[in-house]
Peer 1: 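Shown below is the structure under consideration.
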Amino acid sequence: MPELPEVEVVVHQLRLHILGATVRKIWIGREDIIRQGLSTLGWYQGVTLTDIQRCGKCIVMTCLRGTQPRYLVAELGMTGLLVFHKQAIPDEKHTHMVLSLDGGRVPELRYWNARRFGRLYFLDQPGLDTFLRRRFGLDPFSASENQFVSLVKSCRGRMKALLLNQQKIAGIGNIYANEILYRARIHPHAQGARLSKARIHQLYGAMREVLKEAIRYGGSTIRDFRAPDGTPGRFQERHQVYQKAGLPCPRGCKTLLRRLVTERSSFYCPTCQGRS
DNA sequence: CGTTGAACCTGTTTGC
DNA sequence: TGCAAACAGGTTCAAC
């Protein structure tokens with residue numbers, strides 16, 4: 001569910017509603033949802049949320065107590081949600097954390113996750129630095145075109161795999177990898193190193209356009225995704241290829257879209273997205 | 001180092 | 001209808 005655009009939408013709403021709020025109480029449903037920092041939980045009582053950012057697909061909240069910062073990092077995985085009200089979640093049994101807040105526009109923030117592929121991390125500054133360094137490569141919006149060209153040129157593997165590799169470029173998941181490659185007319189199995197500079201230029205533009213447009217439409221809701229206020233995304237209405245195998249190519253080339261089942265599902269047009 | 005596939009979980013959809 | 005298999009937005013680890 002949550003790839004860069006969805007996380008960006010979440011962060012935007014969190015900033016509007018809970019930035020500056022104080023954490024009165026933290027309720028944890030099951031402790032194994034916390035991958036790091038369980039023993040530091042007590043420290044967070046009374047902290048103020050002074051900054052909220054997206055890093056890759058993670059939400060990073062700065063928690064200040066006096067002048068000391070620590071961080072709460074939420075990883076959503078496939079089914080994770082951060083929401084303001086219980087009405088926004090399908091059921092109560094997968095709520096794993098509730099922050100009770102003072103001084104924000106909403107009284108609480110809930111972390112819900114049915115499949116529990118995502119986790120929570122309570123980190124100090126060095127812990128956060130290590131976490132970010134080990135995990136995330138270039139950011140699609142901060143990376144220059146030259147940096148992106150070097151990255152692609154150094155890739156001996158498949159382009160789809162490169163776009164999904166968070167340590168190389170952070171934030172893109174299966175939906176947007178497919179949509180980006182379709183827009184750039186590049187085959188999911190094209191070898192990065194063999195693409196011309198002109199085609200990498202296309203890809204760089206397609207990546208930023210698709211992600212930007214998806215943010216503008218509130219992300220994609222396939223099933224569970226909601227913004228914190230409960231609003232579903234609308235970008236799924238604009239998907240060109242994702243989960244559309246068997247339908248005609250939207251460019252009108254009369255070819256039927258296909259699905260490759262190696263790795264994770266790749267959806268593409270065999271005519272528009274020629275190899276290499 | 002790069003690639004592939006399985007594993008981690010739960011829920012929903014599909015097919016017999 | 002009933003049940004099993006397939007599949008789902010992600011990450012990580014082992015094996016090659």
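Throughout, a chain's letter reflects where its sequence line sits, starting with A, and its residues are numbered from 1.
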Peer 1: Do A:Met97 and A:Leu72 make a side-chain contact, defined as non-hydrogen atoms from C-beta onward lying under 4.5 Å apart?
Peer 2: yes
Peer 1: Is the distance from OP1 or OP2 of B:dT3 to the nearest side-chain N or O of A:Lys160 less than 4.0 Å?
Peer 2: no
Peer 1: Under the 5.5 Å and 30° test, is A:Phe117 stacked on the base of B:dC8?
Peer 2: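 Here the ring of A:Phe117 and the base of B:dC8 are stacked, with centres under 5.5 Å and planes under 30°.
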Peer 1: Is any side-chain N or O of A:His94 closer than 4.0 Å to OP1 or OP2 of B:dC9?
Peer 2: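 So the side-chain polar atoms of A:His94 never come under 4.0 Å of the phosphate oxygens OP1 or OP2 of B:dC9.
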Peer 1: Report yes if a donor N or O on one partner sits less than 3.5 Å from an acceptor N or O on the other, where the partners are the side chain of A:Arg115 and the base of C:dA8; otherwise report no.
Peer 2: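 For A:Arg115, whose side chain was compared with the base of C:dA8, there is a donor-acceptor pair (under 3.5 Å).
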Peer 1: Between C1' on C:dG10 and OH on A:Tyr176, what's the gap in Å once rounded to a whole number?
Peer 2: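 Atom-to-atom, A:Tyr176 to C:dG10, this comes out as 15 Å.
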Peer 1: Given the structure, check if the side chain of A:Arg116 and the base of B:dC9 hold any donor-acceptor pair shorter than 3.5 Å.
Peer 2: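 No pair found.
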Peer 1: Taking CD from A:Gln243 and P from B:dT14, how many angstroms apart are they, rounded to a whole number?
Peer 2: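 After rounding, the gap between these two atoms is 10 Å.
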Peer 1: Heavy-atom distance under 4.5 Å between the side chains of A:Gln243 and A:Ile222, does that happen here?
Peer 2: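 They are in contact (side-chain heavy atoms under 4.5 Å apart), so the answer is yes.
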Peer 1: Whole angstroms only, please: what is the CG-C1' distance between A:Leu162 and B:dC1?
Peer 2: 15 Å
Peer 1: If the cut-off is 4.0 Å, is A:Ser265 near the phosphate of C:dA8, judged by side-chain N/O to OP1 or OP2?
Peer 2: yes
Peer 1: Given the P atoms of B:dC9 and C:dA14, what is the spacing between them in whole Å?
Peer 2: 16 Å
Peer 1: Any side-chain heavy atom of A:Gln273 within less than 4.5 Å of one from A:Pro188?
Peer 2: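 Yes, side chains in contact.
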Peer 1: Is there a side-chain contact between A:Arg135 and the phosphate of C:dT12, meaning an N or O under 4.0 Å from OP1 or OP2?
Peer 2: yes
Peer 1: Which one is paired to B:dC9, where only Watson-Crick or G-U wobble pairs with both distances under 3.5 angstrom count?
Peer 2: none
Peer 1: Report yes if a side-chain nitrogen or oxygen of A:Lys168 is closer than 4.0 Å to either non-bridging phosphate oxygen (OP1 or OP2) of B:dG2; otherwise report no.
Peer 2: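 For A:Lys168, the contact criterion (side-chain N or O under 4.0 Å from OP1 or OP2 of B:dG2) is met.
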Peer 1: If you define the side chain from C-beta out and look only at heavy atoms, does anything of A:Lys244 sit under 4.5 Å from A:Phe267?
Peer 2: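 Side-chain contact under 4.5 Å: no.
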Peer 1: To the nearest angstrom, how far is A:Glu75 atom CD from C:dT11 atom P?
Peer 2: 6 Å
Peer 1: Round to a whole Å and report the spacing from CD of A:Gln167 to P of C:dT12.
Peer 2: 7 Å
Peer 1: Out of B:dT4, C:dG10, C:dA8, which has the shortest distance to the side chain of A:Tyr242?
Peer 2: C:dA8
Peer 1: Can you check the A:Ile89 CD1 to B:dG11 P distance for me, whole Å?
Peer 2: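 From A:Ile89 CD1 to B:dG11 P: 13 Å.
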Peer 1: Give the rounded distance in Å between these two atoms: OH of A:Tyr121 and P of C:dT12.
Peer 2: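 Going from OH in A:Tyr121 over to P in C:dT12 covers 6 Å.
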Peer 1: Rounding to the closest angstrom, what is the interatomic distance between C:dT1 and B:dG11 at atom P?
Peer 2: 22 Å
Peer 1: Measure the distance from CZ on A:Arg223 to P on C:dC7 and round it to the nearest whole Å.
Peer 2: 14 Å
Peer 1: Between A:Glu213 and A:Val210, is there a donor-acceptor pair closer than 3.5 Å when you use the side chain of the first and the backbone of the second?
Peer 2: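 Pair absent, no side-chain N/O of A:Glu213 close to backbone of A:Val210.
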Peer 1: Which is true for A:Arg264 with a 4.0 Å heavy-atom rule: it touches a base, it touches only sugar-phosphate, or it touches nothing?
Peer 2: base
Peer 1: For a quick check of understanding: with a heavy-atom distance under 4.0 Å over all strands, which category does A:Ser154 fall into, base, sugar-phosphate or nothing?
Peer 2: nothing
Peer 1: Which of parallel (below 30°), tilted (30 to 60°) and perpendicular (above 60°) describes A:Phe122 and A:Tyr44?
Peer 2: perpendicular
